[in-house]
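Just so you know, ligand 1 is whichever comes first in the structure, and atom 1 is the first atom listed for that ligand.
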Amino acid sequence: MLAIETSCDDTCAAVVDGGAIKSNLISSQASAHAVFGGVVPEVASRHHLEFINPIVDAALEQAGVGLAEVDSIAVTRGPGLIGALLVGVSAAKGLAAATGKPMVGVDHLHGHVAANFLEPDPLEPPFLCLIASGGHTLLAGVRSHGSFDVLGQTLDDAAGEALDKAARLLDLGYPGGPAIERAARDGDPDAFDFPVAMTNDPRLDFSFSGLKTALLYAVRDLGDETARERTADLAASFQAAVVGQLVAKLRRAIRRDGDWRAVALGGGVAANTPLREQVAELCDAEGLELKLVARELCTDNAAMIASAARFIEPTVYPGYLDWDAVV
Ligand code: KG4
Ligand code: ZN
């Protein structure tokens with residue numbers, strides 16, 4: 001299967017055979033967006049347009065297959081930036097039209113969950129999956145390969161979005177999550193008492209906007225110069241509050257439902273080392289199996305889209321005029 005993912009700022013193509021990754025290429029646009037301190041949708045669309053064909057060719061070449069040998073074509077159909085999605089969906093439609101192969105539209109979040117189904121060591125449902133990315137934060141109850149229940153989700157910002165905004169405030173650059181993680185290594189996570197929101201709320205929902213405001217006030221109170229000197233402490237304390245909330249809600253979900261035997265992570269924030277370590281400690285304490293996919297499968301990629309597509313009935317479209325239904 002050939003898969004394409006262009007929902008945000010990475011142009012991705014992959015070839016996957018069953019659950020085995022044959023190629024998984026990512027053309028990152030981070031440097032193009034860094035000067036703006038965040039993703040500019042129009043810039044993202046233009047980069048996708050420029051790189052989509054070369055990256056599909058490169059993915060096929062690295063996998064050692066021609067387009068004729070591909071069984072079907074998978075593509076992220078949403079959610080994401082509409083202009084960015086359009087480039088991927090149009091490319092997939094073009095390839096499907098040219099070859100007569102079936103095409104599968106995949107939900108991006110299902111893709112993050114399905115990264116856990118890839119080899120080696122694919123995880124079998126049921127399991128509890130924490131998805132934390134730049135656009136979403138949710139707890140998914142995964143009881144089958146093809147679908148999941150949303151047990152709780154963010155009421156405002158996503159965890160990755162909060163990290164990106166904090167990095168911008170602290171002048172640490174973009175993307176913010178890795179920048180905060182790096183800066184935090186030299187800092188004290190207890191230096192600032194940032195709020196870990198929602199921990200007493202019985203629901204499994206998240207909230208990060210108050211934390212962002214708390215950081216803004218802390219920086220204002222310290223003054224520019226002192227805030228700069230204490231960047232590492234601010235980053236470490238902020239990261240601790242984000243990770244603390246994610247882990248607290250995961251713990252609540254494990255204890256509330258009681259019957260989960262395994263936990264998995266997904267989304268870009270799942271690449272965060274303190275989060276991975278604390279979830280590992282939690283799973284140890286609760287006696288649950290933990291599946292940690294490689295970091296490059298946590299952040300956006302096309303192999304996870306192929307992985308999800310395996311469990312969705314493909315559609316063979318009779319003519320291009322009917323294909324609008326896919327988007
Ligand atoms: O899943 P993803 O690649 O794209 C979306 O679907 O949004 O996630 C991107 C998010 C960004 O907010 C980025 O700052 C965050 O994941 N991220 C991290 C790390 N690597 C990426 N956050 C914390 N620690 C990291 N190491
Ligand atoms: Zn994503």
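On a distance-only criterion, Asp300 and ligand 1 share at least one N/O pair closer than 3.5 Å. Distances between N or O atoms of Gly134 and those of ligand 1 include at least one value under 3.5 Å. Here's the thing with Gly160: one of its N/O atoms is less than 3.5 angstrom from an N/O atom of ligand 1. For ligand 1, the polar-atom distance check against Gly268 finds a nitrogen or oxygen pair separated by under 3.5 Å.
Counting just the N/O/S atoms of His112, the one with the shortest distance to the Zn ion (ligand 2) is named NE2. Looking only at its N/O/S atoms, Asp300 has OD1 as the one nearest to the Zn ion (ligand 2).
Residues Leu282 and Leu265 fall within the same hydrophobic cluster, defined by Ile, Leu, Val, Met, Phe, Trp and Tyr side chains chained together at heavy-atom separations under 4.5 Å. There is no path of hydrophobic side-chain contacts, each under 4.5 Å, that joins Leu169 to Tyr174.
Judged purely by distance below 3.5 Å, without hydrogens or angles, the side chains of Asn24 and Glu296 never pair a donor atom with an acceptor atom. Side chain to side chain, Asp157 and Ser209 fail the donor-acceptor criterion of an N or O pair below 3.5 Å. No side-chain N or O of His47 forms a donor-acceptor pair with one of Asp9 less than 3.5 Å apart.
In terms of modelled atom types and a separation under 3.5 Å, the side chain of Arg143 and the main chain of Pro125 share no donor-acceptor contact. In this structure, the side chain of Asp10 does not engage the main chain of Cys12 through any donor-acceptor pair within 3.5 Å. Side chain of Asp205 to backbone of Gly152: no donor-acceptor contact under 3.5 angstrom is found. Within the 3.5 Å criterion, the main-chain N or O of Thr137 finds no donor-acceptor partner in the side chain of Thr154. Within the 3.5 Å criterion, the main-chain N or O of Thr11 finds no donor-acceptor partner in the side chain of Ser27.
Using a 4.0 Å cutoff on heavy atoms, Arg295 does not count as a contact of ligand 1. Using a 4.0 angstrom heavy-atom cutoff, His108 counts as in contact with ligand 1. Ligand 1 lies out of reach of Cys8, whose nearest heavy atom is not under 4.0 Å from it.
Considering only non-hydrogen protein atoms, atom 24 (N) of ligand 1 sits nearest to Asn272 ND2, 3.1 Å. Atom 12 (O) of ligand 1 has Asp164 OD2, 2.8 Å as its closest protein atom, hydrogens excluded (heavy atom only). For atom 25 (C) of ligand 1, the closest non-hydrogen atom on the protein side is Glu181 OE1, 3.6 Å. If you check which protein heavy atom lies closest to atom 22 (N) of ligand 1, you get Gly177 CA, 3.3 Å.
Among the atoms of His108, an N, O or S atom falls under 2.8 Å of the Zn ion (ligand 2). Not one N/O/S atom of His136, from backbone or side chain, sits under 2.8 Å from the Zn ion (ligand 2).
Atoms of ligand 1 lying under 4.0 Å from any heavy atom of Leu163, numbered from 1 in the order shown and given with element: 22 (N), 23 (C). For ligand 1 and Gly267, the ligand atoms under 4.0 Å from any heavy atom of the residue are 1 (O). Those atoms of ligand 1 that come under 4.0 Å of a heavy atom in Thr299, given as number and element, are 3 (O). In the vicinity of Gly135, heavy-atom distances shorter than 4.0 Å reach the ligand 1 atoms 7 (O).
By the criterion of a heavy-atom distance under 4.0 Å, the side chain of His112, and not its backbone, is placed next to ligand 1. Within the 4.0 Å heavy-atom criterion, neither part of Leu275 lies near ligand 1.
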Glu42 vs Arg46, test: salt bridge (charged side-chain N to carboxylate O under 4.0 Å, His left out). Steps then yes/no.
CA-CA 6 Å; Glu42 183 57 24; Arg46 286 170 191 275; 2.9 Å; yes

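Under a 4.0 Å N-O distance rule, the pair Glu161/Lys165 qualifies as a salt bridge. By the 4.0 Å N-to-carboxylate-O rule, Asp71 lies too far from Arg310 to be salt-bridged with it.
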